[in-house]
Protein chains: 2
Amino acid sequence: MPHLDQLNHAIIEFYEKLSSWEHSVVKEIGVTLAHVHAVELLGIHGAMRMKELAMKMSVTTGTMTVQVDNMVKADLVRRRPHDTDRRSILVELTEKGQQIYQNHDALHHDLTQQITSGLDTTQQQALLNCLIQMNREF
Amino acid sequence: MPHLDQLNHAIIEFYEKLSSWEHSVVKEIGVTLAHVHAVELLGIHGAMRMKELAMKMSVTTGTMTVQVDNMVKADLVRRRPHDTDRRSILVELTEKGQQIYQNHDALHHDLTQQITSGLDTTQQQALLNCLIQMNREF
DNA sequence: TACATTACTTTGAAATTCAAACAAAGTAGG
DNA sequence: CCTACTTTGTTTGAATTTCAAAGTAATGTA
C-alpha cells in the first residue's frame, strides 16, 4: 500500500480547503461560523435535543445554552418541549433559519459541482461509492 | 446528474465526521485545537510568515500574534527573522512541535487506513485520483 | 525625498468557552 | 412507594479568544 500516505495527504488537503471555504463563505453573510454550523446540523438532521447538538458541535451543554440563546435572539432557531421527556428541549430551525440553511446548502451544491467538474460520470459515481463506504467506517 | 445531491451530502457528512474526529483527538492531548491546527499547517507547508499562517487559519494577524505568543510559551514554535524582508517573521516548529506534528499525522494515517479499509486497491487509486483532481479545482 | 503600502504588534473591549454548581425530571433497586 | 443515582439543561464567574483600531518599522513607488 504505497499510496496510503498520498491518500492521507490528499484527504487532509481536501479538509483544509473545505474549512477555508466555509470560513470565507460565512464571512460574507452576517452570521457566525458557529451559528451556520448549527443551522447546517439542524437542517440536515432535523430538530435535535440540546445535548445532541452540543455533542455534534463538540462543545459543553453550557456553551450550547448560550449559543442557542443567541440564535433565538437572531431568529435562527426556536426551542420546543420534548414530547416524552420533560427534561429535554428540542431545538428547531425557524423559517429564517431554514432559509439560511437552504442558501448555504445551495452554495455547497455549487462548490460540489465546481470541484467535481473535472471528473467524468464514472469517476463521480466511484467517488460517491467510496465516500458512502468511508462514512460507514467512521 | 441525479447523484450530484448525493455527492454533495456525502462530502458534507465526511467533512462533519472528520471535524468531530479532530476535536475528539485533540481533547486527549493537552493542546488547543487552534494550536494543533497551526502545528499541522506548519508541519505540512513548512515555516511560514505570520500573515500566511493567519490567512490559512482564517484569523486576523492580531489574533495570530497572540496565538504564536502562546505557542512559543508552550514551546511548539519559534520565530525567526525573514531572510530578505525585515518586516516579515517566519514561524517554524520546534523539536517538540515537530514531534506533536508527527504524532498527530500518525493518527491521521491510522484513520485513513481505517476508513479506506472497506475499499479495494482499485477503488483506493480511483479515490486518490479524484481527490487530487478536486484539490486542483479548489 | 515624500507618500503610500505592507507586516507585525499592541491594546482595550466584546464575544466565547469551560467547569462547577444548580434544579428539575427520569431510572433502578429495595 | 422511597431512596439514591443519573441525565438534561441552565446559570454563573473566571479565563481565554477574538477582533478592530491604532501604532511602529520596513518596503515600494512616484
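Sequence lines set the chain letters: A, B, ... in the order given, protein chains first and strands last, and positions in each chain run from 1.
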Count the heavy atoms of every other residue, nucleotide or ligand shown that sit under 6.0 Å from NE2 of A/His9, and state whether that count exceeds 12. no

What's the closest nucleotide to the B/Ser88 side chain, out of C/dC18, D/dT8, C/dC8? C/dC8

Side-chain donor or acceptor of B/Thr60 paired with backbone N/O of B/Thr63 under 3.5 Å: yes

Closest to the A/Gln67 side chain: C/dC18, C/dT16, C/dT17? C/dT17

Once you round to the nearest 0.5 Å, how far does CG of B/Asn129 lie from CD of B/Gln124? 12.0 Å

Of all the nucleotides listed (C/dA7, D/dC19, D/dT10), which has the minimum atom distance to the side chain of A/Ile89? D/dT10

Distance below 4.0 Å between A/Thr65 side-chain N/O and D/dT10 OP1 or OP2: yes

Between the protein and nucleotides 22-28 of chain D, which nitrogen or oxygen pairs are less than 3.5 angstrom apart?
{"residue": "D/dT27", "atom": "OP1", "partner": "B/Arg86", "partner atom": "N", "Å": "3.1"}
{"residue": "D/dT27", "atom": "OP2", "partner": "B/Arg86", "partner atom": "NH2", "Å": "3.3"}

Are A/Glu52 and A/Lys56 within salt-bridge range, i.e. N to O under 4.0 Å? no

Against the side chain of A/Thr60, the closest entry in D/dG9, C/dC8, C/dC18 is C/dC18

Is A/Arg78 paired with A/Glu95 through a side-chain N to carboxylate O contact shorter than 4.0 Å? yes

Distance in Å, B/Ile132 CD1 paired with A/Glu13 CD, rounded so as to fall on 0.5 Å steps: 9.0 Å

For A/Asp69 and D/dT11, what is the distance between atoms CG and P respectively, to the nearest whole Å? 7 Å

Roughly how many Å is it from NE2 in B/His35 to C1' in D/dT18, rounded to a whole number? 13 Å

Earlier contact from the 5' end, DNA chain C, for B/Glu52 and A/Val59: B/Glu52

In terms of side-chain heavy atoms of B/Lys51, which of C/dC8, C/dC18, D/dG9 is nearest? C/dC8

A/Leu53 CG to D/dT10 C1', in whole Å, measures 15 Å

Could you tell me the separation between the NZ atom of A/Lys27 and the C1' atom of D/dT18, rounded to a whole number of Å? 10 Å

B/Gln102 versus B/Gln98, side-chain donor and acceptor atoms under 3.5 Å: no

